[in-house]
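Here's the structure, in structure tokens; my notes come after.
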Amino acid sequence: MEKKINFTFKKHERLRKQSDFKRVFDSGKSLGGVTVAFYFVSNNIDYPRAGFIASKKISKRAVDRNRAKRLMREVFRLNKHKLKPVDIIFIARKGILGKKYYDVESDFLKLAKKADILREK
């Protein structure tokens with residue numbers, strides 16, 4: 001029987017505590033692409049968790065920062081089943097402005113493959 005893939009993004013899959021963010025930044029590794037950069041560290045849970053940052057450096061307009069976070073959340077939500085159990089913090093880069101979903105997704109998947117955080121099929 002095939003395992004059903006869950007494409008929701010539940011509260012327990014989010015990094016919400018400052019201590020979680022600090023742990024990932026302090027002991028994690030980082031990679032950067034054109035649209036996103038991310039810090040990651042393995043966790044002791046059976047599933048990946050994510051946090052998202054879009055600072056005023058990428059745009060002064062809140063609407064642009066919110067769109068960037070929505071794009072990154074969607075990339076994580078639809079690809080989390082491909083990831084090993086890691087805590088990951090997505091950071092928007094200026095290159096994300098004006099990009100479509102598939103641009104951000106391809107950038108993330110290329111970086112994730114390089115970071116070796118993708119599961120084997």
Side-chain angles (χ1 to χ4, degrees):
M1 190 164 169
E2 224 176 282
K3 184 179 177 187
K4 186 177 176 188
I5 298 172
N6 186 359
F7 289 111
T8 60
F9 188 35
K10 303 271 186 193
K11 221 177 217 185
H12 68 272
E13 296 172 326
R14 297 177 187 173
L15 291 177
R16 294 178 301 174
K17 294 181 181 174
Q18 184 177 358
S19 59
D20 289 337
F21 274 81
K22 185 171 175 27
R23 183 178 58 80
V24 175
F25 280 129
D26 289 347
S27 62
K29 297 177 185 167
S30 66
L31 280 174
V34 177
T35 59
V36 294
F38 61 83
Y39 283 80
F40 64 96
V41 67
S42 60
N43 63 25
N44 299 338
I45 315 170
D46 291 343
Y47 53 87
R49 298 186 306 170
F52 306 93
I53 298 173
S55 72
K56 284 190 180 178
K57 277 185 181 179
I58 70 159
S59 177
K60 298 260 187 255
R61 294 172 12 136
V63 66
D64 293 334
R65 296 192 307 272
N66 289 335
R67 174 162 169 70
K69 286 190 277 189
R70 273 197 313 274
L71 282 170
M72 294 185 295
R73 265 195 308 268
E74 192 68 358
V75 166
F76 177 75
R77 184 180 74 84
L78 294 176
N79 292 289
K80 67 183 178 183
H81 66 281
K82 298 176 185 176
L83 297 175
K84 293 177 181 175
V86 293
D87 287 345
I88 185 167
I89 297 174
F90 287 80
I91 302 169
R93 291 197 142 173
K94 275 193 185 253
I96 202 168
L97 298 176
K99 295 288 195 236
K100 301 286 185 195
Y101 166 80
Y102 50 84
D103 298 325
V104 180
E105 182 184 43
S106 66
D107 195 25
F108 169 70
L109 289 175
K110 189 178 355 169
L111 291 171
K113 185 175 182 181
K114 186 176 178 181
D116 192 33
I117 58 174
L118 294 177
R119 291 180 194 257
E120 291 79 31
K121 294 182 182 184

Report whether [X] and [Y] are members of the same hydrophobic cluster (ILVMFWY, side-chain heavy atoms less than 4.5 Å apart, transitive linking).
X: Val41; Y: Ile117; answer: no
X: Leu118; Y: Tyr39; answer: no
X: Tyr47; Y: Ile89; answer: no
X: Val36; Y: Phe21; answer: no
X: Phe76; Y: Ile45; answer: no

Between [X] and [Y], is there a donor-acceptor pair closer than 3.5 Å when you use the side chain of the first and the backbone of the second?
X: Asn66; Y: Val63; value: no
X: Ser27; Y: Val24; value: no
X: Arg65; Y: Lys60; value: yes
X: Thr8; Y: Lys10; value: no
X: Arg93; Y: Val34; value: no
X: Arg119; Y: Leu83; value: yes

Mutual orientation of the aromatic rings belonging to Phe90 and Phe52 [parallel < 30°, tilted 30-60°, perpendicular > 60°]: parallel

Whether over 12 other heavy atoms sit under 6.0 Å from Arg14 CZ: yes

Could you measure the distance from the [atom1] atom of [X] to the [atom2] atom of [Y]? Nearest 0.5 Å is fine.
X: Lys94; Y: Asp64; atom1: NZ; atom2: CG; answer: 10.5 Å
X: Ile91; Y: Lys69; atom1: CD1; atom2: NZ; answer: 13.0 Å
X: Asn79; Y: Glu74; atom1: CG; atom2: CD; answer: 9.5 Å
X: Ile88; Y: Arg49; atom1: CD1; atom2: CZ; answer: 12.5 Å
X: Ser42; Y: Lys29; atom1: OG; atom2: NZ; answer: 8.5 Å
X: Met72; Y: Asp107; atom1: CE; atom2: CG; answer: 12.0 Å

Looking only at heavy atoms, what is the nearest atom pair of [X] and [Y], with distance?
X: Leu15; Y: Gly51; answer: CD1-N, 3.9 Å
X: Lys99; Y: Arg67; answer: O-NH2, 3.3 Å
X: Lys80; Y: Asn6; answer: CE-O, 3.3 Å
X: Ala92; Y: Ile58; answer: O-CG2, 3.4 Å
X: Pro48; Y: Asn43; answer: CA-ND2, 4.4 Å

Check: Phe108 ring centroid to Phe38 ring centroid under 6.0 Å: yes

Partner set under salt bridge (charged side-chain N to carboxylate O under 4.0 Å, His left out) for Asp26, not counting sequence neighbours: Lys22

Qualifying residues under salt bridge (charged side-chain N to carboxylate O under 4.0 Å, His left out), relative to Arg70, sequence neighbours excluded: none

Side-chain touch Arg77/Glu13, heavy atoms, less than 4.5 angstrom: no

Do any side-chain atoms of residues 109-116 form donor-acceptor pairs under 3.5 angstrom with protein atoms, and if so which ones, sequence neighbours left out?
none

